[in-house]
Each structure stands twice: as structure tokens, then as C-alpha cells.
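Written out below as C-alpha cells is the structure these notes cover.
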Amino acid sequence: MLPDNSVRYIEARVEAVLDGEGRVKSLFGTVQDISDRKLALAALRDSEERFRQLAEHIREIFYLQDVIEGRMLYISPAYEQVWGRPGAELYANLNVWIDSVVSEDRDRVKKVFLIDEWNTSQIEAEYRIQRPDGTIRQIRARAFPIYNDQGKVYRVAGIAEDITERKHGEAVERQLIEYLRQQADLQRLVGTIAQRIRQSLNLDEILNTTVAELRA
């Protein structure tokens, strides 16, 4: 501790010089201030801990991949909930995730994500996966390249989310809109027929005219 009450970290090394009989003749050593290194390591650990807490408590899946060695560096726990597979198998075999993509989407997903040259800051795709229990889930995934000092992509960070319920909701919404449109058309048709009945008692003429208008 210094006079101003600040704390510094010191690394000291001492070596002994022996005489011909093996007795200590002298000592010499070095003293180095390693406070900056200690503080940097502490900040890094704190940052990693905050990141881990965030990644482990969000619904989205976060992953970090080494593209040079072709292995997964980190996959958040949400992967097991969405994919229905243990994260350990993904660490052992990176191809597990692509194998889980349904066959109709697999080639398209490979072309998007399994690339050698990056010419964009982000890639994105929606696809379907099949879980071990046979259920199908809709996935939206984004990936971002990370460059090394030589300007080469050596890691990829990504986020994937399960959008199955949202897709289902969109499908229900489209069906509801279509149903309401049909009901509106039906109401207009009924109104047109009712008006013409009031104007004429020739039902054949009314129906033929209405059908012709609908077909036009």
C-alpha cells in the first residue's frame, strides 16, 4: 500500500548464487509492478461472469464458434430447451446442428451459414429443425463475423431464437383475415341479392346477374 492508500500488486523473484561448496554466496532478484495486469485480469473475469449470467438467463440461444478449428466454443443453455438435445454433443460434433435442420431447408441453410469468405457484417435466415421427439420448431438465426489482428474471420458469434409460436400466430392471423374477407364478400352478396329482390321478382334473372358479376 502506498502513502496515498492505493494498492499496488508486486511480483518479486529471487535467485540464490551458490559457492563451490553449495552454500549461498549471494542473492539477486527482480521486482515488477503488475498492478495493471492484475486489474485487467479482474476486469476480464468480471466481464466474462456478467456475460455468462446474461447468456444463461435469456430465451435466445447464444453461441461462439471457432471457424478455423471448426469447433464450438460456447453454446448457451437455451439450446437444450429449443433443440431438445444436450449441448455436450454440439461441443463434440459441430455438425449436429445442421443435421437437425429439416431436409427441405438444409441445403439453403448450408449456403447461408457454411461459408468460407465473409463479405457482409451479418447473415440471417429462418429455417425449421426437427427435435429428437419428432416435433418441428421454427428458428430465426443471425451470425456475425469476428476478425483477428490479420483481418481474417476466426470466430463467429450468433443468436438463434425459437419463433414457432410467432409463426403459428401469423398463420392464424392470415386465416382470420381471409375468413373475415370471405364473410365481407358474403355480406355484400346477400345485400346485393336482397336489393334486387326488392326491385324485381325475377329470381332467375337476379341470380344470373349476380353470378356473372362475381365471375367478372
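- The heavy-atom pair separating Pro132 from Gly84 by the smallest distance is CG-O, 3.5 Å.
- The aromatic rings of Phe62 and Tyr74 sit tilted, their planes meeting at an angle between 30° and 60°.
- Electrostatic pairing of Arg155 and Asp66 does not count as a salt bridge here, judged by no charged N lying under 4.0 Å from a carboxylate O.
- Between Leu73 and Gln65, the closest side-chain pair of non-hydrogen atoms is not below 4.5 Å.
- Across every non-hydrogen atom of Val156 and Val67, the tightest pair is CG2-CG1, 3.4 Å.
- The shortest side-chain heavy-atom distance between Arg71 and Leu94 does not fall under the 4.5 Å cut-off.
- Inter-residue side-chain proximity for Leu90 and Arg85 is flagged as unmet; no heavy-atom pair is nearer than 4.5 Å.
- Looking at Val102 and Ile129, their side chains never come closer than 4.5 Å, going by heavy atoms from C-beta outward.
- With sequence neighbours excluded, the residues forming a side chain to side chain donor-acceptor pair (under 3.5 Å) with Trp83 are Ser100, listed by chain and number.
- For the pair Glu80 (side chain) and Pro86 (backbone), a donor-acceptor distance under 3.5 Å is absent.
- Classification of the Phe113-Trp97 ring pair by plane angle, with boundaries at 30° and 60°, yields perpendicular.
- With respect to the salt-bridge test (charged N to carboxylate O, under 4.0 angstrom), the residues Arg140 and Glu161 qualify.
- Of the possible donor and acceptor atoms, one in the side chain of Arg131 sits under 3.5 Å from a partner among the backbone N and O of Val82.
- A salt bridge links Glu165 with Arg137: the distance from a Lys NZ or Arg NE/NH1/NH2 to an Asp or Glu carboxylate oxygen falls below 4.0 Å.
- The two atoms that bring Pro145 and Val153 nearest to each other are CB-CG2, 3.8 Å, heavy atoms only.
- Annotation for Gln138 and Asp162: closest pair O-OD1, 3.3 Å, computed over non-hydrogen atoms.
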CA sep, side-chain torsions, deciding dist, call: Tyr127, Arg108, side-chain contact (heavy atoms from CB on, under 4.5 Å) = CA-CA 9 Å; Tyr127 55 88; Arg108 175 174 56 84; 4.0 Å; yes
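- Here the side chains of Val96 and Asn93 are in contact, with some heavy-atom distance below 4.5 Å.
- Tyr91 contributes a side-chain N or O that, together with a main-chain N or O of Ile75, makes up a donor-acceptor pair within less than 3.5 Å.
- Counting only heavy atoms from C-beta outward, the side chains of Ile159 and Ile61 never approach each other to under 4.5 Å.
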